[in-house]
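This structure is a prediction, so every number in the text was calculated from the model and none was measured. Letters A, B, ... mirror the listed sequences (proteins, then strands); counts begin at 1.
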Number of protein chains: 2
Amino acid sequence: MVQKPLREQTRSVVRSLLARTAIELFSAKGYDNTTLEEVAVAAGVSRRTLFNYFRNKEDLALGSLAEQGELIAARLAERPAGEDAWTALRAAFQVLEEIDMTAEGRLEFITLLFGNNSLRAGHAEKQARWQDLFAPLIEPRLPDSGRRALQARAIAAAAIICLQTANEEWVRLGGRADLFDLYDTAVQAVRHA
Amino acid sequence: MVQKPLREQTRSVVRSLLARTAIELFSAKGYDNTTLEEVAVAAGVSRRTLFNYFRNKEDLALGSLAEQGELIAARLAERPAGEDAWTALRAAFQVLEEIDMTAEGRLEFITLLFGNNSLRAGHAEKQARWQDLFAPLIEPRLPDSGRRALQARAIAAAAIICLQTANEEWVRLGGRADLFDLYDTAVQAVRHA
DNA sequence: GCACGGATTTGCACTGAGTGCAACAGAGTG
DNA sequence: CACTCTGTTGCACTCAGTGCAAATCCGTGC
């Protein structure tokens, strides 16, 4: 009866080990030049087992994005009900700064993301899924009107894209800037230019 | 010496024939359940030749998006210099309405896009590339300031994402709505909510 | 009409991602 | 010591994508 939490625990440990091993190899040799066979060997596991943990090669690299989305959504749900949508989103995004990851690690990871076409695509898509998580949470923050659902989706998408643009710029600057300064600049431009 | 234009002409004819054949099959049988072998046979060409025209399976489905991006960019470049960035973008997007495609065709195509994960990803990525086309064209429309490049990218990205959100909603409504009404609602929400 | 030359098409063989299946190993239970 | 449940592994297969070389097509010059 105590097995279940135990199994799940080992599972998530193995999962993150595999992801870390993979990202290390991808960064070192390039995404396309790294086979899943190599990742499996490096992690001391069979190629087939990799597929028990991740649906595909892309997920192996991007798994953490889905988790980040859930973290942000959770934080967003905790924000006071009266708070303005943009304010709530900005506050929720800041959960990213609490994530256990060195600046070099972030830089390496994001560089990997933007350096490969199919990863860029996967990245874009994963963040588009964030929209589905965030929109229902910001819809109640909008004034009544028809099309409130559409409005909520648009705001969520725009905020995410501002974060992404800021992230890109942050990488371009080699990490020598404050991410949220860049984010604020982006939002300001979009809303008041 | 007259070969070149001629060859290019046939090339683009063949290219669009292949794309149309592919999209038809993808819509009918599903993207994942359609092999490139089948597409090739249906178009009366060898599988290998398909790869002379398209880099990969995804491009076969999404090729038109790249062209659309270039059309919009061209229109954007023609807008008067003093025009506000958002106004210019909206006007440029309207080139989409001039594209030779039936409403059912559009609906079918967009439904295909949103119905498959990897196509959604490719779609998101292709539109993210639009950003690279549009940003330089709207940067001169912004007031002087540091970070104008970042601002231009943010605005381009936000406008694109509004269009995409409107498109999604349009599909959800079965095409029974005006795309630009939806777009305006989205932009309004983002900028003034 | 005919041979030449460049480009396009095609077949072939190969790599690697992803999947279904069945055999296997290990841990907990009676 | 069987028995079962779960996770791992190997194996064989399909399909996307690529490099290469043979075959084919087509406009041009003779």
Side-chain angles (χ1 to χ4, degrees), chain A residues 1-19 21-23 25-26 28-63 112 116-123 125, chain B residues 1-19 21-23 25-26 28-63 112 116-123 125:
Chain A
M1 267 311 161
V2 199
Q3 327 158 343
K4 243 193 183 165
L6 201 114
R7 287 190 188 279
E8 278 174 26
Q9 223 175 334
T10 51
R11 183 169 178 85
S12 82
V13 167
V14 172
R15 201 183 139 90
S16 86
L17 167 72
L18 294 178
T21 307
I23 288 176
L25 280 180
F26 291 159
K29 304 189 41 181
Y31 181 73
D32 289 329
N33 302 324
T34 308
T35 70
L36 293 184
E37 182 68 31
E38 293 172 305
V39 175
V41 169
V45 101
S46 78
R47 194 179 75 102
R48 196 65 186 76
T49 297
L50 233 41
F51 285 103
N52 289 342
Y53 285 89
F54 296 90
R55 268 198 313 276
N56 51 41
K57 188 177 181 179
E58 212 181 81
D59 263 26
L60 199 46
L62 303 182
L112 176 64
N116 177 275
N117 266 323
S118 76
L119 285 185
R120 265 212 307 270
H123 179 213
E125 213 278 326
Chain B
M1 266 317 160
V2 199
Q3 329 158 343
K4 246 195 180 162
L6 202 117
R7 286 191 188 278
E8 278 174 25
Q9 224 176 333
T10 49
R11 184 171 177 84
S12 82
V13 167
V14 172
R15 199 184 141 90
S16 87
L17 168 73
L18 294 178
T21 308
I23 289 176
L25 280 180
F26 291 160
K29 305 188 41 179
Y31 181 73
D32 289 330
N33 302 324
T34 308
T35 70
L36 293 184
E37 182 68 31
E38 293 172 305
V39 175
V41 168
V45 101
S46 78
R47 193 179 76 101
R48 196 62 186 77
T49 296
L50 233 42
F51 286 103
N52 290 340
Y53 285 88
F54 297 91
R55 270 198 311 276
N56 50 43
K57 188 176 183 179
E58 211 181 81
D59 263 26
L60 199 47
L62 303 182
L112 177 63
N116 176 277
N117 266 324
S118 75
L119 285 185
R120 264 213 307 273
H123 178 213
E125 212 278 327

Original post:
Do A:L36 and A:F51 come close enough that some side-chain heavy atom pair is under 4.5 Å?
Top reply: yes

Subject >> Spacing of OG1 belonging to A:T10 relative to CG belonging to A:L17, to within rounding of 0.5 Å >> reply: 12.0 Å

Original post:
So, does B:K57 use its side chain to make a donor-acceptor pair with the main chain of B:Y31 at under 3.5 Å?
Top reply: yes

**OP:** Please confirm whether the backbone N or O of B:E37 pairs with a side-chain atom of B:R47, one donor and one acceptor, at under 3.5 Å?
**Re:** no

Original post:
Is there a residue in residues 30-42 of chain B whose heavy atoms reach under 4.0 Å of DNA chain D, and which residues are they?
Top reply: B:T34, B:T35, B:L36

Subject >> Distance-minimising heavy-atom pair for B:A22 and B:L60 >> reply: CB-CG, 3.5 Å

Subject >> Interface with DNA chain D, restricted to residues 12-19 of chain B and to heavy atoms under 4.0 Å >> reply: none

Original post:
Side chains of A:R48 and A:N52: closer than 4.5 Å at any heavy-atom pair?
Top reply: yes

**OP:** State the CG-OG distance between B:N56 and B:S118, to the nearest 0.5 angstrom.
**Re:** 9.5 Å

**OP:** Applying side-chain hydrogen bond (donor to acceptor under 3.5 Å, both in side chains), name anything that partners A:D32, two or more places apart in sequence or on another chain.
**Re:** A:N116

**OP:** Kindly write out the residues that satisfy salt bridge (charged side-chain N to carboxylate O under 4.0 Å, His left out) with A:E58, not counting sequence neighbours, or none if the list is empty.
**Re:** none

Original post:
Mind checking what makes side chain to side chain contact (heavy atoms under 4.5 Å, CB included) contact with A:L25, not counting sequence neighbours?
Top reply: A:T34, A:V39, A:A42

Original post:
Can you list, by residue number, the residues of residues 47-56 of chain B that have a non-hydrogen atom closer than 4.0 angstrom to DNA chain C?
Top reply: B:R48, B:T49, B:N52, B:Y53

